[in-house]
Amino acid sequence: ATYDLLVVNGIVATAADVGSYDIAIKDGKIVLLAPTGSLAGLATKKTIDAQGGYVMPGGVDAHVHLEEPALFGGKGTSADTFESGSRSAIAGGTTTIVAFAPQEKHEPSLLNALKQAQARASKAFYSDYSFHILVSTHGQQGLSEFPALREEGISSLKIYMTYEALQLRDSEILDILLAARTHGITTMVHAENGDVLNWMTNQLEANQLFAPKYHATSHPHLIESEATNRAIILSEIIDAPILIVHVSAPPAAKTIREAQTRGLPVYAETCPQYLFLTREDLDHPGFEGAKCVCSPPPRQKTDHDAIWNGLRNNTFTILSSDHCAFRYNDEERGKRSAISPEYPVGRFKYIPNGIPGVETRLPLVWNAGKLSPQKFVEVTSTNPARLYGLYPQKGALLPGVSDADLVIWYPSMSPFQLKNEMLHHNVDYTPYEGYTMTQWPRYTILRGQVVYDRDNGGVVGEKTYGKFVKRGSSSLPGPRSEGAWNVEAF
Ligand code: URP
Ligand code: ZN
Ligand code: ZN
Ligand code: ZN
């Protein structure tokens, strides 16, 4: 047989192992994984010499907001389209992203939300992709559509405990968890107490405190830890698996860890912004701090250690970007839409929440050197694939089974300063401007095709190449009891 591609002389890292292996690829799949040198002489159309650099399964970013309407405070709508967001993803080593299909007021059908997202996505993705359904306050009639969503290859949804347009009551959350459990769907929960947040915000405004830094003041740890605790208890009542998204606060991480120790199917996600940014990044003269406004907000330097520890000790199952980008210099749809003549430093409550990060996720965390290669692959690729039903097609290098999705790093690189102009998103800033980098993906390979070649053309993939991937249910532990939920258990 003639292979399509050999990747030789790399240090192959998976969630399980690190070692010197060569890889043979045919028809978009990994077909051989063998000790370095042992594939020499095989017929192949193309060979990549990794020259001792790390070779890993391509990144899976399971939390990316693209082409979304104004949902997250103020008037902001997504800066990135499916096209620009997925282009940015592959340039940062990510080969699969899970974006969101939001349920909208005028169109409450969840199945239609999915179909509309799919129609817009077709031929607009550089990476492979799927969607989580974003269930809003118009949700209840959508519950009957869960079986149909499963047939379409969707096995997760996201709900919110905050944001005007999205916040659900506890009884609504219970309804969703029950239906999700019944149909093998994983529920992602944005755990912040919206009522307390609004009250805090009103207190600050009453004291004439409007600048971006008060976004952090209005979101203390307690807002997150209270909602995290409540979400866990609601999921325990139903015995339904949940994933707490974008955890930033050490007390919330502690609550999650205790639930896991009790054997509950409680999973958690964190993001680079909670490892690198601080609340001081919101505290700049004028409005500049709005660039780092996201929810939960960046915390203190002393909190970062607890989040790194949570990655190392399995409290956090996955590390995603929560890429939710708004342009800074855009008075209609971007961060500056929160400014008006009466409020020259804006009103923090109207700053659209979210920051870009789909391209910088892998490089920032790999550069930091604080996770072993196996742990890095586990939280950025393998576990998101397991949790969201993509494994082992994605997130693994199993011969004959896994897609040939790879990120290949440089054997070594001289340090350079990160600049927004190097990135491929449609955003006029990065929160990580000026960070010193000592690594960047050299090649990104999607189903056997080189889609990013940093030294020869950059993004060389095409936006017609990305495919919708049908997902099964999670391969991580689910409900503790078998069969249907039973009120008599209480
Ligand atoms: O600030 C954030 N995280 N914006 C994105 C929306 C969300 O809550 O995930
Ligand atoms: Zn969220
Ligand atoms: Zn600063
Ligand atoms: Zn998000």
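Atoms within a ligand are numbered from 1 in the order they appear, just like the ligands themselves. By convention here, the first residue in the shown sequence is residue 1.
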Under the criterion salt bridge (charged side-chain N to carboxylate O under 4.0 Å, His left out), I'd like the reasoning laid out for Lys115 against Glu107: C-alpha separation, chi angles, the key distance, then a yes or no. CA-CA 12 Å; Lys115 297 278 175 189; Glu107 178 53 279; over 6 Å; no

Any chance you could lay out the salt bridge (charged side-chain N to carboxylate O under 4.0 Å, His left out) test for Lys394 and Asp405, step after step, and finish with the verdict? CA-CA 7 Å; Lys394 305 295 189 187; Asp405 299 349; 2.7 Å; yes

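Every atom of ligand 1 is numbered from 1 in the order shown, and the set under 4.0 Å from a heavy atom of Phe72 is 6 (C). Taking every heavy atom of Cys294 and a limit of under 4.0 angstrom, the matching atoms of ligand 1 come to 1 (O). Numbered from 1 in the order shown, with element, the atoms of ligand 1 that lie under 4.0 Å from a heavy atom of Cys324 read 4 (N), 5 (C). Below 4.0 Å from some heavy atom of His63 lie the following atoms of ligand 1, by number and element: 9 (O).
In this structure, Tyr129 and Phe131 have perpendicular ring planes: the angle between them is above 60°, well past the 30° mark. Aromatic ring pairs are classed by plane angle as parallel below 30°, tilted from 30° to 60° and perpendicular above 60°; the pair Phe276 and Trp308 is perpendicular.
Ion pairing between Glu359 and Arg87 fails under the 4.0 Å rule for side-chain N and carboxylate O.
Of the listed options Met188, Glu68, His323, Lys158, Lys158 places a heavy atom closest to atom 7 (C) of ligand 1. Of the listed options Glu192, His215, His190, His190 places a heavy atom closest to atom 8 (O) of ligand 1. When Ala325, Ser295, Pro352 are checked for heavy-atom proximity to atom 2 (C) of ligand 1, Ser295 turns out nearest.
Atom 4 (N) of ligand 1 has Asn353 O, 2.9 Å as its closest protein atom, hydrogens excluded (heavy atom only). The nearest heavy-atom contact from the protein to atom 3 (N) of ligand 1 is Asp322 OD2, 2.7 Å.
Aromatic pair Tyr274/Phe316: ring centres not closer than 6.0 Å. A centroid separation of less than 6.0 Å is found between the aromatic rings of His246 and His190. Close placement of the Phe72 and Tyr163 rings is indicated, their centers lying within 6.0 Å of each other.
For Arg312, the side-chain hydrogen bond (donor to acceptor under 3.5 Å, both in side chains) partners at least two apart in sequence or on another chain are Asn309.
Counting only protein N, O or S atoms closer than 2.8 Å to the Zn ion (ligand 2) gives 3.
Because its NZ or CZ atom is both nearer than 6.0 Å to the ring centre of Tyr343 and within 45° of the ring axis, Arg347 counts as a cation-pi partner of that residue.
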